[in-house]
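These notes concern the structure reproduced below.
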Amino acid sequence: MKTISIIGSTGSIGTQSLEVARERGYKVCALAAGKNTVLLERQAREFAPRLVSVAGEEEYRDMRARLADTDITVVMGDEGLCRAACAEEADQIVNAVVGIRGLRPTLAALQAGKQVALANKETLVSGGALVTGLAREKGLPIIPIDSEHSAIFQCLQGNEGNAPRRILLTASGGPFFGRKREELAGITPEQALRHPNWAMGPKITVDSATLMNKGLELIEAIWLFGVAEEQVEILVHRQSVIHSAVEFADGAVMAQLGVPDMKVPIQYALTSPARLPLKGERLDLFAYGSLTFQRPDEETFVPLAACRRAIRQGGLKPCAANGADEQAVELFLQGKLPFLQIGDLVWEAMEAQPAGEADSLETILEADRAAREYVLAHAHTLR
């Protein structure tokens, strides 16, 4: 029986990971969440982990009271997150934490010799060199959960030794694809949270609306698959049927197709190379009729262009772009920042970041902090 630890267990990926664990009969030895203690309690009572971790003091006291009749250990904060990621019994960790907060537990898990199934793209965007270097040192694979990166990973299975000539990274385009910049000036959080194809958490849904998510995935693909920026082509594919594709040296293109269902890449990350039965909708290409592809508009969707420029410049630039986006999206969701300013601030904070190498956790976290401070200091000056 496989034993896993899930950090970010109350979010979209975390809850679906637990659905897969339930179907496969996996043991869950640790769970970590943020503030949703009600759902975390339900998860803890069903899966009976040895340890659960929560965000802070208030959640810690609440969770201790909720689980007082059990022998489950309750911990908190970044230290607790790392303890959950390094749970001794775990064969594999699922990192479904949102944001750069997922970087520290990824490093801790790898250092402890744990295989990582990664849904936290910010880990590689901010600390790609550090994380992949440690994974190589430990001889551990990083298995992607994001549907696009899982698709690329699946296309490369059985093609060892055949490096990809080009990666075709697909994007839904979000709810506003086709609109020009002037049409996006009054977009509200409610509008941005209406994704046409996927049910996701608020931060990633807003990132999909700005195409920042695709910029983050571009950077993640570069680190995961060892390709150059110019080898990654982004295709807006509104139907979200082709999750991504790989072109090889002979011109052959292999793609992974399926309905938009995150349980498929989650299960494959936990069972690969085996493909096991999974309940869910099956792809009916007749129901779609046709599949379409368009180029992204990087002039309108500035965050994508900012991420492309950041990875070209390298070093701490991607970390700054990510940190600025996390802060700007938070302000937008609070109704304190216009939609278009997310991209403007990401670009400006990225450009303001001094050159430097992302060669230590401390350096990366400092660049992240500086980018967030840039956003807070300059948001009120933008029109």
Item to complete: May I have the step-by-step check of side chain to side chain donor-acceptor pair (under 3.5 Å) for Ser147 and Ser150, ending in yes or no?
Response: CA-CA 5 Å; Ser147 61; Ser150 175; over 6 Å; no
Practice prompt. Give a yes or no on whether the backbone of Gln154 and the side-chain of Gln256 come within a donor-acceptor separation of less than 3.5 Å.
Written response: no
Worksheet item: Is the backbone N or O of Leu224 less than 3.5 Å from a side-chain atom of His149, with the two atoms forming a donor-acceptor pair by type?
Response: no
Discussion item. Closer than 4.0 angstrom, basic N to acidic O: yes or no for Lys35 and Glu58?
Written reply: no
Practice prompt. Could you tell me whether Arg372 and Asp325 make a salt bridge, using a distance below 4.0 angstrom between a side-chain N and a carboxylate O?
Written response: no
Fill in: Salt-bridge present (Glu19, Lys263; N to O < 4.0 Å)
yes
Discussion item. Between Leu169 and Leu235, does the side-chain contact (heavy atoms from CB on, under 4.5 Å) criterion hold? Intermediate values first, please.
Written reply: CA-CA 6 Å; Leu169 186 67; Leu235 292 74; over 6 Å; no
Practice prompt. Search all heavy atoms of Phe47 against all heavy atoms of Ala21 and return the closest pair with its distance.
Written response: CE2-CB, 4.4 Å
Worksheet item: What's the verdict on side-chain contact (heavy atoms from CB on, under 4.5 Å) for Val236 and Asp297, showing C-alpha distance, side-chain angles and the deciding distance?
Response: CA-CA 10 Å; Val236 176; Asp297 178 359; over 6 Å; no
Response to the item:
From the list Val329, Asp344, Leu345, side-chain contact (heavy atoms from CB on, under 4.5 Å) with Leu337 holds only for Leu345
Worksheet item: Can you name the closest pair of heavy atoms from Leu81 and Ala32 and give their distance?
Response: CD1-CB, 3.5 Å
Discussion item. Could you check whether atom CD of Glu79 has more than 12 heavy atoms from other residues, nucleotides or ligands sitting under 6.0 Å from it?
Written reply: no
Practice prompt. Hydrophobic side-chain clustering at under 4.5 Å (ILVMFWY, transitive links): who's grouped with Leu39? Put none if nobody.
Written response: none
Worksheet item: Applying side chain to side chain donor-acceptor pair (under 3.5 Å), which residue pairs with at least one partner in residues 41-53 are found, sequence neighbours left out?
Response: Ser9-Gln43, Arg22-Glu46, Glu41-Arg45, Glu41-Arg66, Arg45-Asp69, Arg50-Glu89
Worksheet item: Out of curiosity, Phe301 CZ to Thr210 OG1, how far, rounded to the nearest 0.5 Å?
Response: 8.5 Å
Worksheet item: Is there a donor-acceptor pair under 3.5 Å between the side chain of Gln115 and the backbone N or O of Ile142?
Response: no
Item to complete: Ignoring hydrogens and angles, tell me if any N or O in the side chain of Ser126 forms a donor-acceptor pair with the backbone of Thr123 under 3.5 Å.
Response: no
Worksheet item: With clusters built from Ile, Leu, Val, Met, Phe, Trp and Tyr whose side-chain heavy atoms come within less than 4.5 Å, directly or transitively, what are the remaining members of the cluster of Leu278, listed by chain and number?
Response: Val264
Fill in: Heavy atoms of other groups near Glu88 CD, more than 12 under 6.0 Å
no
Worksheet item: Does a side-chain heavy-atom distance below 4.5 Å link Val38 with Thr10?
Response: no
Worksheet item: Would you say Asp91's side chain and Thr3's backbone share a donor-acceptor pair under 3.5 angstrom?
Response: yes
Worksheet item: Short question: side chain of Asn95, backbone of Val97 - any donor-acceptor pair under 3.5 Å?
Response: yes
Worksheet item: Any idea which heavy atoms bring Asn159 and Met254 closest together, and the distance?
Response: ND2-SD, 3.4 Å
Discussion item. Between Leu51 and Ile72, is there a side-chain heavy-atom distance shorter than 4.5 Å?
Written reply: no
Worksheet, complete the sentence: When every non-hydrogen atom of Leu283 is compared with those of Tyr288, the smallest separation belongs to CD1-CE1, 3.8 Å
Discussion item. Would you say that Leu118 contacts Ile145 through its side chain, given a criterion of any heavy-atom pair below 4.5 Å between the two side chains?
Written reply: no
Worksheet item: Judged by atom type as modelled, is there a donor-acceptor pair below 3.5 Å linking the side chain of Gln157 to the main-chain atoms of Phe153?
Response: yes
Worksheet item: Are any non-hydrogen side-chain atoms of Gln92 and Lys114 less than 4.5 angstrom apart?
Response: no
Worksheet item: Hey, any chance Ile266 and Tyr26 share a hydrophobic cluster, counting ILVMFWY side chains that come within less than 4.5 Å of each other, even indirectly?
Response: yes
Fill in: Within 6.0 Å of NZ in Lys2, more than 12 heavy atoms from elsewhere
yes
Worksheet item: In this structure, are over 12 heavy atoms from other groups packed under 6.0 Å from Arg83 atom CZ?
Response: no
Worksheet entry | Residue Glu373 excluded, over 12 heavy atoms near CD under 6.0 Å | yes
Worksheet item: Does the pair Lys180/Glu183 count as a salt bridge with the N-to-O cut at 4.0 Å?
Response: no
Fill in: Side-chain touch Thr37/Tyr60, heavy atoms, less than 4.5 angstrom
no
Fill in: Geometric cation-pi criterion Arg238 and Phe177, 6.0 Å radius, 45° cone
no
Worksheet item: Going by the salt bridge (Lys or Arg N to Asp or Glu O under 4.0 Å) test, which pairs reach into residues 280-291, not counting sequence neighbours?
Response: none
Item to complete: List, by chain and number, the other hydrophobic cluster members for Leu276, where Ile, Leu, Val, Met, Phe, Trp and Tyr join if side-chain heavy atoms come within less than 4.5 Å, directly or indirectly.
Response: none
Worksheet item: Are the side chain of Lys317 and the backbone of Met350 linked by a donor-acceptor contact shorter than 3.5 Å?
Response: yes
Worksheet item: Is the shortest heavy-atom distance from the side chain of Ile4 to the side chain of Ile93 under 4.5 Å?
Response: no
Worksheet entry | Glu326 side-chain N/O to Gly323 backbone N/O, donor-acceptor pair under 3.5 Å | no
Worksheet entry | Nearest-0.5 Å distance that lies between atom NZ in Lys203 and atom CG in Leu193 | 13.0 Å
Response to the item:
For Ser244 and Thr170 the tightest heavy-atom approach is OG-N, 3.3 Å
Worksheet item: Got a sec: does the CD of Gln334 have more than 12 other heavy atoms crowding it under 6.0 Å?
Response: yes
Discussion item. Test your reading of the model: is there a side-chain donor-acceptor pair from Gln239 to the backbone of Thr292, 3.5 Å cut-off?
Written reply: yes
Fill in: Residue pair Val302, Val346: steps toward the side-chain contact (heavy atoms from CB on, under 4.5 Å) verdict
CA-CA 8 Å; Val302 175; Val346 167; over 6 Å; no
Worksheet entry | Over 12 foreign heavy atoms within 6.0 Å of CZ, Arg24 | yes
Discussion item. Going by salt bridge (Lys or Arg N to Asp or Glu O under 4.0 Å), name the pairs with one or both residues in residues 218-228, residues two or more places apart or in two chains.
Written reply: none
